[in-house]
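Contents: one structure, followed by commentary.
Below, read A as the first sequence line, B as the second, and so on, with proteins coming before strands; counting in each chain starts at 1. Remember, it's a predicted structure, so these values are computed and weren't measured experimentally.
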Protein chains: 2
Amino acid sequence: MIARDQEDIDLATGLVRLSHLVQGVFARVSDRHDLTPAQARILCILAERPKGMAELAGLLGVEKAGLTGLVDRVEHRSLVERRAVPGDRRAWQVTLTGIGRQAAVTVHNEVCAELGEIVGELPPGERERLRRILARVITTHGVPPIFPAIAQRA
Amino acid sequence: MIARDQEDIDLATGLVRLSHLVQGVFARVSDRHDLTPAQARILCILAERPKGMAELAGLLGVEKAGLTGLVDRVEHRSLVERRAVPGDRRAWQVTLTGIGRQAAVTVHNEVCAELGEIVGELPPGERERLRRILARVITTHGVPPIFPAIAQRA
DNA sequence: TATTGTTATACTCTATAACTATA
DNA sequence: TATAGTTATAGAGTATAACAATA
């Protein structure tokens, strides 16, 4: 017997509320590690590889002027470093420090774990269907590599 | 033939990126109507019915102290009103004004339309499956009536 | 000239603590 | 005392505009 109330949630409503749920998980995990969501996002993006300020701004969807302060704050906490780029004295590469990478991996793992619990009550078949549908939507719409897969060696 | 790259996006990654996509839609629609996402969220919540400050704060997930300013700003723009509650002179009911309701309906419609386009390339069967899965996850986790269904008479 | 990044400024969002008024 | 809401304060995030240094 299927619960009746599940039927009157339309797709858009479901998407908005799911998004609320996911953002909540991300925010709580970030907070637990004394990071703002924006800071945690930066760390996760940089876990893929170092990036220049302009590229990082583009991935985060903020103006590069705003990124200056964001990077300043995580740099003050020794989570990232600005490294000179040989051959272009205007540019900086933002890279994770050791503890920055550790933080990125931990946040990433915990977010994955909590999201795993959220979808954990779905039957495996449904879960795999959801995964495939999401993959399709994501790739179709070219969502940037926010939250990339992270190599597990901290 | 299924595209290979859709297979190496795991569920957590898909959820985080989908959430990014949805938040982006919500932010762009809000901006188009000269609203911040927080303001648009308030309007959509109030479209269900008027609410007290404490209840509204709870739904938004912010402290009531912070809500004061949020409501101040939308009230200055004549989108909501604070109405006295008969029988409790401490309390206020925050209610949509006429133009506030119009704004809520418009934002809601446009968000639904844009999300509809995003999932529009899915075959109808997949779309319905996604809807059902989302409904199940949402109801299981008691996500509050953020983004309620809205009666269409503006 | 175009690009990379920063500074200056202003506003929104949000939290915490202390407060007022009413129940 | 407890509850509804506000004020004060501070910090984070973000946008725009103007700027410096380099390509």
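The distance from atom OG1 of B:Thr106 to atom CD1 of B:Ile99, rounded to the nearest 0.5 Å, is 11.0 Å. The line from CG of A:Leu60 to CD1 of A:Ile45 is 4.0 Å long, rounded to the nearest 0.5 Å.
Note: CE (A:Met53) to C1' (C:dT6) measures 8 Å, nearest angstrom. Per the geometry, CD belonging to B:Gln93 stands 13 Å off C1' belonging to D:dG5, to the nearest Å. Rounding to whole angstrom units, CH2 of residue A:Trp92 and C1' of D:dA20 are separated by 14 Å. Atoms CG (A:Leu67) and C1' (C:dG5) sit 10 Å apart, rounded to a whole Å. One interatomic measurement links the two molecules: CD of A:Glu55 to P of C:dT3, which rounds to 16 Å at whole-angstrom precision. In this entry the distance linking CD of B:Glu63 with C1' of D:dT6 reads 14 Å, nearest Å. One atom, CD1 of A:Ile42, and another, C1' of D:dA12, lie 12 Å apart when rounded to the nearest Å. For the pair B:Leu60 CG and C:dT14 P, the interatomic distance rounds to 8 Å; values are reported in whole Å.
Between A:Thr97 and A:Ser78, the closest heavy-atom pair is OG1-O, 2.6 Å.
Remark: B:Glu63 pairs with no residue by the side chain to side chain contact (heavy atoms under 4.5 Å, CB included) rule, at least two apart or across chains. In this structure, the side chain to side chain donor-acceptor pair (under 3.5 Å) partners of B:Lys51, at least two apart in sequence or on a different chain, are B:Glu48. The side chain to side chain donor-acceptor pair (under 3.5 Å) search around B:Glu55 returns B:Arg49, not counting sequence neighbours. Under the rule for a salt bridge (Lys or Arg N to Asp or Glu O under 4.0 Å), the partners of A:Arg32 that lie at least two apart in sequence or sit in another chain are A:Glu110, A:Glu114. Qualifying side chain to side chain contact (heavy atoms under 4.5 Å, CB included) partners for B:Gln39, counting only residues two or more places apart in sequence or in other chains: B:Leu35, B:Thr36, B:Arg73, B:Val74, B:Arg77. For the ring-ring contact (aromatic ring centres under 6.0 Å, His included) test, residues two or more places apart in sequence or in another chain that qualify with B:Phe147 are B:His108. Taking B:Arg90 as the reference, B:Asp88 meet the salt bridge (Lys or Arg N to Asp or Glu O under 4.0 Å) condition, with sequence neighbours excluded. Residues forming a side chain to side chain contact (heavy atoms under 4.5 Å, CB included) with B:Gln23 (at least two apart in sequence, or on another chain): A:Ser19, A:Gln23, B:Ser19.
Sorted by residue number, the list of members of residues 18-36 of chain A with any non-hydrogen atom under 4.0 Å from DNA chain C is empty. Within residues 69-86 of chain A, the residues approaching DNA chain C are A:Arg82, by heavy-atom distance under 4.0 Å.
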Stepwise side chain to side chain contact (heavy atoms under 4.5 Å, CB included) test for A:Val22 and A:Val25: CA-CA 5 Å; A:Val22 173; A:Val25 166; 5.6 Å; no
For DNA chain C, the dot-bracket pattern of Watson-Crick and G-U pairs whose distances stay under 3.5 Å, | for other-strand partners: |||||||||||||||||||||||
Restricting both atoms to N or O, compile the protein contacts to nucleotides 18-22 of chain C shorter than 3.5 Å, with distance only.
unit_1, atom_1, unit_2, atom_2, d
C:dT22, OP1, B:Arg89, NH2, 3.4
C:dT22, O2, B:Arg90, NH1, 3.4

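No donor-acceptor pair under 3.5 Å is formed between the side chain of B:Thr13 and the backbone N or O of B:Ile9.
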